[in-house]
Number of protein chains: 2
Amino acid sequence: MVNFQSPILDRTFAALADPTRRALLARLDEQGGVSVSDLARPFPVSLPAIMKHLDVLSDAGLIARKKTGRTVTCQLKAEPMEQAMNWLAKYERYWTEQLDRLAAFVEDDSWQASPASPSSAASKRRPKKSTKPGPSRKR
Amino acid sequence: MVNFQSPILDRTFAALADPTRRALLARLDEQGGVSVSDLARPFPVSLPAIMKHLDVLSDAGLIARKKTGRTVTCQLKAEPMEQAMNWLAKYERYWTEQLDRLAAFVEDDSWQASPASPSSAASKRRPKKSTKPGPSRKR
DNA sequence: TTGAAAGTTAACCATAAAGTTAACTATGGA
DNA sequence: TCCATAGTTAACTTTATGGTTAACTTTCAA
């Protein structure tokens, strides 16, 4: 039994897995306090469909709604993304480190395609845990 | 019509939304080249269930499998996470920037809970797009 | 050569997700 | 007061997800 439970991550990643929801968040990023109808307008789906997406985003803590009169405006709440980002950051070295060096350890044989070099030597070593975090994200 | 399509992001986030799959990836991170059975052993679900999770991870390009004899070893392929991370990074300022300053613009009134600082001043300005990416992720 | 081990596939089930249409509540302005 | 606007809720359909058990193929080793 492992129990790697983290409902926050579950919900955050699940919420972000839908392109419509990501687009809704992007819209709220560039323009805060948008009404539900305005938010829904660009999409080729019905208002209730958008409502459900907003519910998912609310449940994930990614937006907050405020009712003023009869209009409801939505507000981006990006904080839950931090955990998601931190989770991903643990894997950052896989694409930031020079892949040639990394490949020497990790790919001790032909992974995926190209069935060349069946070296099989020194299979127990692992790359030495990324000496520096090296945050070289390029856009 | 907006069409914010990105099947890669869709599949990556969807794959990461399940705790079992995240645990599988974590395992492959700390120990490369694990067999399917070994990978499945710690979990309280059947082997076919794990197979399906591995299929999802494969489809997302997050693992590669290699068959040697009758055993299949799995290899973490974290590269698709880079796009996910980059997507999230666009929102980083929401939790890295001093929230008090941010709050002055964004929360022009009581959003969600904590109805503190109802400054309401200068409600149209928005934080000036994060002068530097400032990758001060902690953890 | 025969049988256990490793993995895969198929068929099935229950629930969740994503969408629809239709009906409803509430608000604000003419 | 009346009605259009803004949003919500309900009921339903379809498809995807996550799980099961059972049967099957391939490989290794006694």
Side-chain angles (χ1 to χ4, degrees), chain A residues 1-7 9-25 27-28 33-60 62-75 111-112 118 120, chain B residues 1-7 9-25 27-28 33-60 62-75:
Chain A
M1 184 73 94
V2 168
N3 206 6
F4 246 103
Q5 297 292 70
S6 177
L9 279 181
D10 292 3
R11 275 185 293 221
T12 304
F13 281 132
L16 299 182
D18 185 281
T20 300
R21 286 194 292 262
R22 286 198 307 276
L24 287 169
L25 294 175
R27 171 77 181 280
L28 289 175
V34 187
S35 77
V36 169
S37 318
D38 283 357
L39 222 33
R41 207 172 323 278
F43 298 95
V45 296
S46 66
L47 223 219
I50 296 294
M51 294 290 289
K52 289 195 190 179
H53 284 304
L54 294 179
D55 288 345
V56 171
L57 292 171
S58 287
D59 290 351
L62 288 165
I63 63 166
R65 285 130 140 178
K66 183 176 61 165
K67 187 165 195 171
T68 315
R70 65 179 159 178
T71 84
V72 172
T73 49
C74 295
Q75 175 70 32
W111 286 104
Q112 194 104 283
S120 83
Chain B
M1 185 73 94
V2 168
N3 206 6
F4 246 102
Q5 296 292 69
S6 176
L9 279 181
D10 292 4
R11 275 186 292 220
T12 304
F13 280 132
L16 299 182
D18 185 280
T20 300
R21 286 194 292 263
R22 287 198 306 277
L24 287 170
L25 293 175
R27 171 76 182 278
L28 289 175
V34 187
S35 77
V36 169
S37 318
D38 282 357
L39 222 33
R41 205 170 328 274
F43 298 96
V45 296
S46 65
L47 223 219
I50 296 295
M51 294 291 288
K52 288 195 189 177
H53 284 304
L54 294 179
D55 288 345
V56 171
L57 292 171
S58 286
D59 290 351
L62 288 166
I63 63 165
R65 284 130 140 177
K66 183 176 62 163
K67 187 164 193 170
T68 316
R70 67 179 157 176
T71 85
V72 172
T73 50
C74 295
Q75 176 69 32

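Here is the naming used below: chain letters follow the sequence lines, and residue numbers restart at 1 for every chain. FYI, side chains are in, hydrogens and waters are out, and symmetry mates aren't considered; it's all heavy atoms of this structure. From a predicted model like this one, the values you see are computed outputs, not experimental measurements.
For the pair B:D55 CG and C:dA10 C1', the interatomic distance rounds to 13 Å; values are reported in whole Å. Atoms CZ (A:R11) and C1' (C:dA16) sit 15 Å apart, rounded to a whole Å. Atom pair B:I50:CD1 and C:dT9:C1' shows a separation of 17 Å (rounding to whole Å applied). When rounded to the nearest whole Å, the span between CE of A:M51 and C1' of D:dA10 equals 13 Å. Distance CZ (B:F43) to P (D:dG19): 10 Å, rounded to an integer number of Å. The separation between B:L57 atom CG and D:dT17 atom P is 13 Å, rounded to whole Å. Rounded to whole Å, atom C1' of D:dT17 lies 19 Å from atom CZ of B:F13. Here C:dA10 presents its C1' atom at 15 Å from CG of B:L47, a figure rounded to the nearest Å.
One finds the CD1 atom of A:I63 at 7.5 Å from the CG atom of A:L39 (value rounded to the nearest 0.5 Å). Between atom OG1 of residue B:T73 and atom CG of residue B:D38 there is a gap of 10.5 Å, rounded to the nearest 0.5 Å.
Residues meeting the side-chain contact (heavy atoms from CB on, under 4.5 Å) test with B:T71, sequence neighbours left out: none. For B:A60, the side-chain contact (heavy atoms from CB on, under 4.5 Å) partners two or more places apart in sequence, or in a different chain, are B:R11, B:A15, B:L62. For A:D55, the side-chain hydrogen bond (donor to acceptor under 3.5 Å, both in side chains) partners are A:R65, not counting sequence neighbours. With sequence neighbours excluded, the residues forming a side-chain contact (heavy atoms from CB on, under 4.5 Å) with B:V36 are B:L47, B:M51, B:L54, B:V72, B:C74, listed by chain and number.
B:F43 is not listed as a side-chain neighbour of B:H53, based on a closest heavy-atom distance of 4.5 Å or more. Counting heavy atoms from C-beta outward, A:L16 and B:L9 have side chains that stay 4.5 Å or more apart.
Judged by distance alone, the side chain of B:R21 and the main-chain N or O of B:A14 form a donor-acceptor pair under 3.5 Å.
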Can you check each nucleotide of nucleotides 25-30 of chain D against protein heavy atoms at under 4.0 Å and return B for base, S for sugar-phosphate only, - for none, in 5' to 3' order? --BS--
Nucleotide N/O of nucleotides 17-19 of chain C paired with protein N/O under 3.5 Å:
residue: C:dA18; atom: OP2; partner: A:R21; partner atom: NH1; Å: 3.0
residue: C:dG19; atom: OP2; partner: A:H53; partner atom: NE2; Å: 2.3
residue: C:dG19; atom: N7; partner: A:K52; partner atom: NZ; Å: 2.9
residue: C:dG19; atom: O6; partner: A:K52; partner atom: NZ; Å: 2.2

